[in-house]
Amino acid sequence: MSIDEKEEKKDFIREIIDEDLKTNKFQGRIHTRFPPEPNGYLHIGHAKSINLNYGIAKQYGGKFNMRFDDTNPSKEEQEYVDSIVDDVRWIGGDFEDRLLYASDYFDKMYEWAVQLIKAGKAYVCDLSGDEIRDTRGTLTEPGKDSPYRNRSIEENLDLFERMRKGEFPNGSKTLRAKIDMAAPNVNLRDPIMYRILHESHHRQGDKWCVYPMYDWAHGLEDSIEGITHSICTLEFENHRPLYDWFIDQLGIYHPQQIEFARLNLTYTIVSKRKLLQLVQEKHVSGWDDPRMPTIVGFRRRGYTSESIKVFCDKIGISKKDSIIDVAMLEWSIREELNKTAQRANAVLNPVKVILTNYPEGQVEELQAVNNPEDESAGTRIVPFSREMYIEQEDFREVPPPKYFRLSPGKEVRLRYAYIIKCEKVIKDDKGNIIELHCTYDPTSKSGTPTANRKVKATIHWVSAPHAVSAEVRLYDRLFLKENPDETEEGKTFLDNINPNSLQVLTQCKLEPMLGAAKPGERFQFERMGYFCADIKDSKPGAPVFNRVVTLKDTWAKIEQKDIKR
RNA sequence: UGGGGUGUAGCCAAGUGGUAAGGCAGCGGCCUUUGGAGCCGCCACUCCCAGGUUCGAAUCCUGGCACCCCAGCCA
């Protein structure tokens, strides 16, 4: 990276950090964290956050913590913990040995709660959930003080202790901060610090039956870990006064909370609840379905972590609510794979071609370039014979205007091979094309001095006797609408699911080399797109490929336009 | 209608009183044995609106408008 690039734009958070460094606010330390709740799988929005937090730590020579905000046992599971750790590592967030859990701080938090009670800043409240809601007031009207607000410190201490011991049922009591029931910010109207939850915690077991609420817990977690910049999303902006209040009342180390806009993508949903619903109602095959915007989904689809990082860097950081065009994400993976992916020939929807003037039984070994963007990738040998497969869409019996590919009487080049001419179309009784009889021009062999005749198009092909059969899964956007949540009366985002988001092709014909593809290996199938051998289902000898993303398709655009005219 | 935020191109996003970067998308052209890639060019007389200050305003002031978030014992 050049100096210019290094000094390139700073987002507003880095500007704040630069200022803090200048004023020595945190004695020159930089320490960030990624604090997910283990109640679901990570998605692309989390990738943005990890990239931001880890990126800052790395850039400034600071530290980055992985911390589970596991304060609600009723929603959290070990399965999620495991997957999240895996995902953060895959994205490249290096937390070294700092895999931390908020639940490990429960004792300290409890102590601090006692400290607040002793300071007269917290009280045990017997109001029910409904009563608390009813007395909270509205956005425009102040709330009413709880009748339990002025219990004695001794009574509060006793009650809170008994809450912890399990003497009271769920929902019967809470510990509340004594702030201001008339505060214009409703978060400050005596917020709940602890609720009673007789439930087993995935790490703490049955040690606790009172669990801290987010607002109470989060700042304490940051403070304990010595976080300098606690970066979160915009919806927590309203909570910052509370974050600050708790820390200030306790008089403990005070990190700075900064909020930024969460990521939204067109044609995509990033809501843990809705993602869960897609999985549970089996609209997708699981959290790692290649159509899911989850990290595991992208990973299985064939995205690289580098491309996701590039994407995150590209979109920037701000406080503006935004919806990023998913084309930017697609661009980032194309950009990388164009430079790195080995090229290959694969016919997805085959139609057989017979070269009537090519000697029967003859096989030629042709040389193909592995990656025109990278000379060091070298070349490989592909077999050529009398019978081959080409793509159905590379032949039109009645070619539309500007169609350069094969049609009766027309010529086209077979990539790395010969120019062929379509002489005859063979159909079955129903009129389906089953074979194309062509002739080849022996003087047109690629690489020979007489090969330079120009034809309008070059198409890919796979020699029939050498072809490897494979399953290829064509993925498309999961939703039909840019904003899947935009629905008519009575409909939901589920009604916007793209019924054609997955097309499974089982009769694909691949060049021999592809038969040995290792799971996770990526290729460009020339003229078709980028494909990745499925990490679960693909086996050497029996490959299964996922389409990561198509190539840009100029012809499709031309044809679309002409159809509209 | 209380409080907290945000408004720069179709989508992101720089810009911090000196005359609107960049990327994605789109549109032309060149090149091409991938209709890919690459290369060249075009794409905001104007920054939500209206006033004001100033020699000069996207930037400062005043007043509007629009959109987002908040009334979980979720995070």
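Protein chains get the first letters and strands the later ones, always in sequence-line order, with residue 1 at the start of each.
- Close to B/G72, at under 4.0 Å from its OP1 or OP2, lies a side-chain N or O of A/R136.
- Under the 90° criterion around 0 for the glycosidic angle, B/C45 counts as syn.
- For A/R405 against B/G35, a side-chain N or O and a base N or O form a donor-acceptor pair under 3.5 Å.
- The side chain of A/S74 contributes no N or O atom lying less than 4.0 Å from OP1 or OP2 of B/C74.
- Atom P of B/G51 sits at a distance of 34 Å from the matching atom of B/C42, rounded to the whole Å.
- In this structure, the nucleotide among B/C12, B/G35, B/A75 sitting nearest to the side chain of A/I324 is B/C12.
- In this structure, B/G17 shows a glycosidic angle more than 90 degrees from zero, which is the anti conformation.
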- For the pair A/F68 and A/Y101, evaluate ring pair (Phe, Tyr, Trp, His ring centres under 6.0 Å) and give the outcome as yes or no after the intermediate values. CA-CA 5 Å; A/F68 284 100; A/Y101 296 84; 5.4 Å; yes

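- The phosphate of B/C24 (OP1 or OP2) has no side-chain N or O of A/R334 nearer than 4.0 angstrom.
- B/G64 and B/A25 have their P atoms separated by 42 Å, given to the nearest Å.
- Looking at A/D215 and A/H239, their side chains do bring a donor and an acceptor atom within 3.5 Å of each other.
- Counted by atom type alone, A/H202 and A/E77 present zero donor-acceptor pairs between their side chains at under 3.5 Å.
- The residue A/E330 sits apart from the nucleic acid: no heavy atom pair falls under 4.0 Å.
- B/C60 and B/G2 have their C1' atoms separated by 29 Å, given to the nearest Å.
- Using a 4.0 Å heavy-atom criterion, one finds that A/E76 contacts no nucleic acid atom at all.
- In this structure, A/S318 does not reach the B/U6 phosphate: none of its side-chain N or O atoms is under 4.0 Å from OP1 or OP2.
- Look at A/K552 and you won't find any side-chain N or O under 4.0 angstrom from OP1 or OP2 of B/U34.
- Spacing between B/G7 and B/C12 at atom C1', rounded to whole Å, works out to 14 Å.
- Checking B/G18 for Watson-Crick or G-U wobble geometry (two distances, each under 3.5 Å) identifies B/C55 as its partner.
- If you find the closest nucleotide of RNA chain B to A/Y214 and to A/G137, the one lying nearer the 5' end belongs to A/G137.
- Note on A/K561: a side-chain N or O is less than 4.0 Å away from OP1 or OP2 of B/C27.
- Among the protein residues, A/K454 comes within range of the sugar-phosphate backbone only, with heavy atoms under 4.0 Å from sugar or phosphate atoms but none that close to a base.
- Residue A/I132 is in base contact, counting any heavy-atom pair closer than 4.0 Å across all strands shown.
- Distance check, rounded to the nearest 0.5 Å: CD1 of A/I132 to CZ of A/R189 gives 14.0 Å.
- Counting heavy atoms of neighbouring residues, nucleotides and ligands inside a 6.0 Å radius, atom NZ of A/K274 exceeds 12 of them.
- Between B/C12, B/G2, B/C11, one nucleotide has an atom nearer to the side chain of A/I315 than all others, and that is B/C12.
- The A/V186 side chain lies nearest to B/A71 when the options are B/G15, B/G3, B/A71.
- Taking only distance into account, the side chain of A/E373 meets the base of B/G36 through a donor-acceptor pair shorter than 3.5 Å.
- The A/E526 side chain lies nearest to B/U34 when the options are B/C27, B/G3, B/U34.
- The 5' end of RNA chain B is approached more closely, in terms of each residue's nearest nucleotide, by A/R527 than by the other of A/L127 and A/R527.
- Rounded to a whole angstrom, the distance from the P atom of B/G18 to that of B/C61 is 16 Å.
- In this structure, the NE2 atom of A/H43 is 12 Å from the C1' atom of B/A75, given to the nearest Å.
- The nucleotide B/C73 finds no pairing partner, because no Watson-Crick or G-U wobble arrangement with both distances shorter than 3.5 Å includes it.
- The side chain of A/T458 contributes no N or O atom lying less than 4.0 Å from OP1 or OP2 of B/U34.
- Taking every side-chain heavy atom of A/K319 into account, B/G5 is the closest of B/U34, B/G5, B/A75.
- Summarising the base pairing, B/A66 is matched to B/U6 through a Watson-Crick or G-U wobble pair whose two defining distances lie under 3.5 Å.
- The base of B/C67 does not come close enough to the side chain of A/D321 for any donor and acceptor atom to sit less than 3.5 Å apart.
- For B/G38, the paired base is B/C30 (Watson-Crick or G-U wobble, both distances below 3.5 Å).
- The P atoms of B/C11 and B/C48 are separated by 14 Å, rounded to the nearest whole Å.
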- Test ring pair (Phe, Tyr, Trp, His ring centres under 6.0 Å) on A/H218 and A/Y214 and set out the steps. CA-CA 6 Å; A/H218 204 87; A/Y214 170 87; 4.8 Å; yes

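- Using a 30° and 60° split on the angle between ring planes, A/Y211 and A/H201 fall in the parallel class, below 30°.
- Between A/K320 and the phosphate of B/A13, there is a side-chain N or O to OP1/OP2 separation shorter than 4.0 Å.
- Taking the P atoms as reference points, B/A20 lies 9 Å from B/A58, given to the whole Å.
- Backbone-only engagement by A/M213 is indicated by non-hydrogen atom pairs under 4.0 Å involving sugar-phosphate atoms exclusively.
- At a threshold of 4.5 Å between non-hydrogen side-chain atoms, the residues A/H46 and A/I295 do not count as touching.
- For A/I390 against A/L406, the heavy-atom pair with the smallest separation is CD1-CD2, 4.1 Å.
- Between B/C45 and B/U8, the distance separating the two P atoms is 15 Å to the nearest Å.
- No engagement by A/P241 is indicated, since no non-hydrogen atom pair under 4.0 Å with the nucleic acid exists.
- Residue A/Y403 is classed as a base contact, given a heavy-atom separation below 4.0 Å to a base.
- For the OP1/OP2 pair of B/A75 and a distance below 4.0 Å, the side-chain nitrogens and oxygens of A/R195 include at least one atom meeting the criterion.
- Across the strands present, B/A13 finds no partner; the criterion is a Watson-Crick or G-U wobble pair with both atom distances under 3.5 angstrom.
- Among the nucleotides B/C12, B/G3, B/G72, the one closest to the side chain of A/N185 is B/G3.
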